[in-house]
Trainee: 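Pasting a structure here, questions to come.
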Amino acid sequence: MSKQRYSVPRGTRDILPAESALWHRIEELFRRTVESFGYKEIRTPTFEEVGLFARSIGEDSDIVNKEMYVFQDRGGRTLALRPEGTASVVRAYIEHGLYVTQPFVKFYYITSLFRYERPQAGRFREHHQMGVEAIGSGSPYIDAEVIYLAYHFLDLVRIKEKTLYLNSVGCPICRPRYVEKLKEFLLPVRDKLCEDCQRRVIINPLRVLDCKRETCRELTAQVPPIYDYLCEECSEHFDKLKQLLGKLGVPFQLSPRLVRGLDYYTKTAFEIVSNRLGAQSSICGGGRYDGLVEELGGPPTPGVGMGMGLERVILALEEEIPLDEKLDVFLAFDDEALRDEAFLLLMKLREQGWKADMDYQHKSLKSQLRQANRLGAKYTLILKGNGQTVLRDMQSGVQEEISLEEVMKRLKQI
RNA sequence: GUGGGCGUGGCCUAGCGGCUAAGGCAUCAGGCUGUGGACCUGAGGAGCGCGGGUUCGAGUCCCGUCGCCCACCCCA
């Protein structure tokens with residue numbers, strides 16, 4: 001016991017069975033939901049060439065600059081643990097030539113992502129996201145589907161206190177026009193902005209709008225919203241999306257300052273926030289990335305997607321989600337001589353599909369019952385030898401002596 | 001990277017600078033019941049994150065260090 005003890009690396013955690021049942025349930029609900037929407041699972045590697053992320057997320061994004069887990073493998077390749085999900089999916093889409101064979105695909109994934117950040121409430125160095133990517137359609141209907149899907153899923157897990165923020169960040173045609181306007185507006189007051197924003201004015205003026213500092217907020221209060229500058233195509237797309245969400249009954253709030261942290265977004269950008277979460281309140285984020293496939297070496301191909309933080313979904317849960325972890329039968333006996341018989345019978349019960357278990361610590365009958373109780377067993381079957389047993393209903397405490405044969409018949413009916 | 005808070009058995013918590021560090025939960029054994037849950041009895045388990053300092057004496061004060069938490073930045 002005096003040996004070196006180890007603990008989880010900073011920002012990571014163990015999910016013990018007490019919690020994993022809930023995780024499992026949520027993942028299962030997600031799978032069922034997205035599959036009913038026609039999405040298929042894609043699994044991509046946990047690490048990729050750094051370049052993939054640098055190129056897609058943006059060279060001067062925070063994620064690339066200070067949050068990636070970058071390492072060299074023994075062959076001298078520079079790799080990174082994936083900090084987000086979209087880049088890998090798009091890479092796979094291109095790598096497998098899906099733009100030829102299945103130009104429109106709908107994928108989903110449930111996986112862990114890694115970012116080197118200082119942990120805090122709802123933020124981890126390894127976190128899990130459930131996400132979807134629909135690649136190959138520029139239709140606003142698919143944007144609406146993705147947003148509806150996310151919103152609907154959160155309804156399903158009974159997260160009611162949520163707000164959907166919606167924005168359009170334009171496209172390579174209209175965004176630069178707006179960015180120019182923004183610069184014109186911001187440059188004269190540049191020295192009044194916070195340090196970060198002074199840099200942002202040059203590198204990525206849109207981010208200034210997203211700054212949380214009071215002074216920056218005031219200074220940008222008069223900035224005209226991007227909507228006034230969207231090109232016709234973007235504007236129509238955005239209008240149609242808003243209209244569709246309205247028809248679907250998905251409430252949203254326009255948020256002209258919403259700029260997702262990743263460079264690749266075009267047109268639609270959205271975020272779903274829960275006020276039960278603390279500072280890191282965003283539980284889902286997503287948007288359209290019409291330039292990304294091309295940026296990563298594929299043909300011009302539009303795409304939309306979203307990612308939902310599993311840890312944050314769990315933190316935001318308002319109600320308990322019913323879990324079924326009960327054991328059907330616990331096998332007990334008070335004479336060690338019956339252990340072999342019990343062991344063989346146990347396997348037989350399991351073969352028949354029962355959730356069954358028994359004692360492996362060679363404990364007293366009393367302890368075995370205790371254990372059965374702890375495991376939430378519906379029944380405890382106490383072997384008496386000679387084919388005789390006692391079947392005890394753990395809920396009511398009612399028990400009866402019946403033959404093993406009778407038990408097997410009975411179990412079939414339960 | 002910056003700021004603040006905290007660090008006592010598996011978990012939660014008490015502990016004015018001074019008797020062998022206290023309690024609850026959990027665990028284990030037993031009783032009640034051949035056989036669980038409620039109840040009763042009993043048992044095991046920490047030398048107070050780590051290192052140093054002050055002091056006759058430190059879980060209690062000081063310094064450092066590590067870890068955790070929260071917040072900023074940013075994001076799921």
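Worth knowing before you read on, the calculation uses all heavy atoms, side chains too, and leaves out hydrogens, waters and symmetry mates.
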Trainee: Strictly by Watson-Crick or wobble contacts shorter than 3.5 Å, is anything paired with rC6(B), and which nucleotide is it?
Mentor: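 With both distances under 3.5 Å, rC6(B) matches rG67(B).
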Trainee: Side chains of Tyr108(A) and Glu35(A): do they bring a donor and an acceptor to under 3.5 Å?
Mentor: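 Result is yes, a qualifying pair exists.
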Trainee: Which part of the nucleic acid, if any, lies within reach of Ala121(A) when heavy atoms closer than 4.0 Å are counted: base, sugar-phosphate only, or nothing?
Mentor: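 Sugar-phosphate contact only.
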Trainee: Checking contacts here: which listed nucleotide (rA71(B), rC69(B), rA76(B)) is nearest the side-chain heavy atoms of Pro119(A)?
Mentor: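 The listed nucleotide nearest to Pro119(A)'s side chain is rC69(B).
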Trainee: Let me know the distance between CG of Leu315(A) and C1' of rC69(B), rounded to the nearest Å.
Mentor: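 The distance from CG of Leu315(A) to C1' of rC69(B) comes to 14 Å, rounded to the nearest Å.
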Trainee: Could you walk me through whether Tyr229(A) and Tyr178(A) pass ring pair (Phe, Tyr, Trp, His ring centres under 6.0 Å), step by step?
Mentor: CA-CA 6 Å; Tyr229(A) 295 84; Tyr178(A) 181 60; 5.3 Å; yes
Trainee: For nucleotides 33-42 of chain B, just jot down a letter per nucleotide in 5' to 3' order: B, S or -, based on protein non-hydrogen atoms under 4.0 Å.
Mentor: -BBBB-----
Trainee: Given atom CG of Leu258(A) and atom C1' of rC75(B), what is their separation to the nearest angstrom?
Mentor: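 The distance from CG of Leu258(A) to C1' of rC75(B) comes to 12 Å, rounded to the nearest Å.
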Trainee: Pick out the pairs of N or O atoms, protein on one side and nucleotides 1-3 of chain B on the other, that lie under 3.5 Å.
Mentor:
| from | atom 1 | to | atom 2 | distance (Å) |
| --- | --- | --- | --- | --- |
| rU2(B) | O4 | Arg118(A) | NE | 3.2 |
| rU2(B) | O4 | Arg118(A) | NH1 | 2.7 |

Trainee: Using both distances under 3.5 Å as the test, list the Watson-Crick or G-U wobble partner of rA21(B), or none.
Mentor: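 Its partner is none (no Watson-Crick or G-U wobble pair with both distances under 3.5 Å).
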Trainee: Pairing check on rG1(B): which nucleotide meets the Watson-Crick or G-U wobble criteria with it, both distances under 3.5 Å?
Mentor: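 Pairing partner, where one exists within any strand: rC72(B).
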Trainee: Is the NZ or CZ atom of Lys242(A) positioned over Phe252(A)'s six-membered ring, under 6.0 angstrom from the centre and within 45° of the axis?
Mentor: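 Checked: cation-pi criterion not met.
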Trainee: In this structure, are over 12 heavy atoms from other groups packed under 6.0 Å from Glu336(A) atom CD?
Mentor: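 For Glu336(A), atom CD is crowded (more than 12 foreign heavy atoms under 6.0 Å).
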Trainee: Mind calculating the distance between CD (Glu126(A)) and C1' (rA76(B)) to the nearest angstrom?
Mentor: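 Atom CD in Glu126(A) sits about 13 Å away from atom C1' in rA76(B).
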Trainee: Hunt down the Watson-Crick or G-U wobble partner of rU27(B), both distances under 3.5 Å, from any strand shown, or write none.
Mentor: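 Paired with rA43(B).
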Trainee: Please compare Gln129(A) and Val8(A) by the position of their nearest nucleotide in RNA chain B and report the one closer to 5'.
Mentor: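 Result: Val8(A).
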Trainee: Please walk me through it: do Asp335(A) and Lys384(A) pass side chain to side chain contact (heavy atoms under 4.5 Å, CB included)?
Mentor: CA-CA 8 Å; Asp335(A) 181 353; Lys384(A) 309 298 283 184; over 6 Å; no
Trainee: Got a sec: does the CZ of Arg158(A) have more than 12 other heavy atoms crowding it under 6.0 Å?
Mentor: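 Not more than 12 within 6.0 Å, no.
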Trainee: Between Glu19(A) and Arg13(A), does any side-chain N to carboxylate O distance fall below 4.0 Å?
Mentor: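 Between Arg13(A) and Glu19(A) there is a salt bridge, with a charged N closer than 4.0 Å to a carboxylate O.
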Trainee: For nucleotides rU60(B) and rU55(B), find the distance between their C1' atoms and express it as a whole number of Å.
Mentor: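 It works out to 13 Å between them.
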Trainee: Using OP1 and OP2 only, check whether a side-chain N or O of Gln120(A) sits under 4.0 Å from rA71(B).
Mentor: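 Result: yes.
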Trainee: Find the distance Tyr6(A):OH to rC66(B):C1' and express it as a whole number of Å.
Mentor: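 For the pair Tyr6(A) OH and rC66(B) C1', the rounded distance is 16 Å.
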Trainee: Taking syn as a glycosidic torsion within 90° of 0 and anything else as anti, which one is rG47(B)?
Mentor: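 Base orientation relative to the sugar is syn.
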Trainee: Toward the 5' end of RNA chain B, which comes first, Met308(A) or Gly278(A), by nearest nucleotide?
Mentor: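 Mapping each residue to its closest nucleotide by heavy atoms, the 5'-most match is Gly278(A).
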Trainee: Answer yes or no for this row: His128(A) ring on rA76(B) base, centroids under 5.5 Å, planes under 30°.
Mentor: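 Check failed, His128(A) does not stack on base of rA76(B).
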Trainee: Only pairs with both distances under 3.5 Å count, Watson-Crick or wobble alike; so what is the partner of rA58(B) in this structure?
Mentor: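 Check on rA58(B): unpaired, no WC or wobble geometry under 3.5 Å.
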Trainee: Report the relative orientation of the aromatic rings in His152(A) and Tyr148(A); use parallel for angles under 30°, tilted for 30 to 60°, perpendicular for over 60°.
Mentor: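 Taking Tyr148(A) first and then His152(A), their aromatic rings lie parallel (interplane angle under 30°).
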Trainee: Can we say Lys363(A) and Asp359(A) salt-bridge, meaning some charged N sits less than 4.0 Å from an Asp/Glu carboxylate O?
Mentor: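 Salt bridge between Lys363(A) and Asp359(A), a charged N being under 4.0 Å from a carboxylate O: no.
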Trainee: Output the rounded distance in Å from CD1 (Ile63(A)) to P (rC75(B)).
Mentor: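 Going from Ile63(A) (CD1) to rC75(B) (P), I get 7 Å.
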Trainee: In whole Å, what is the span from the CG atom of Leu164(A) to the P atom of rA76(B)?
Mentor: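 For the pair Leu164(A) CG and rA76(B) P, the rounded distance is 15 Å.
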Trainee: If you count the non-hydrogen atoms of other residues, nucleotides and ligands that lie under 6.0 Å from CZ in Phe47(A), is the total more than 12?
Mentor: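 12 or below, so no.
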Trainee: At 4.0 Å (heavy atoms only), tell me whether Phe124(A) reaches a base, stays on the sugar-phosphate, or touches nothing.
Mentor: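 Contact class for Phe124(A): base.
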Trainee: Per the salt bridge (Lys or Arg N to Asp or Glu O under 4.0 Å) rule, which among Arg125(A), Arg10(A), Lys66(A), Arg123(A) passes with Glu117(A)?
Mentor: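 Going through Arg125(A), Arg10(A), Lys66(A), Arg123(A) one by one, the salt bridge (Lys or Arg N to Asp or Glu O under 4.0 Å) with Glu117(A) is satisfied by Arg123(A) alone.
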Trainee: What's the CD1-P distance between Ile57(A) and rC75(B), to the nearest Å?
Mentor: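 Spelled out: CD1 on Ile57(A) to P on rC75(B) is 11 Å.
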Trainee: With both distances under 3.5 angstrom, what nucleotide forms a Watson-Crick or G-U wobble pair with rG37(B)?
Mentor: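 The answer is none; no pair meets the criterion.
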Trainee: Counting side-chain heavy atoms from CB outward, which of rC72(B), rC75(B), rC73(B) is closest to Ala279(A)?
Mentor: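 It is rC72(B).
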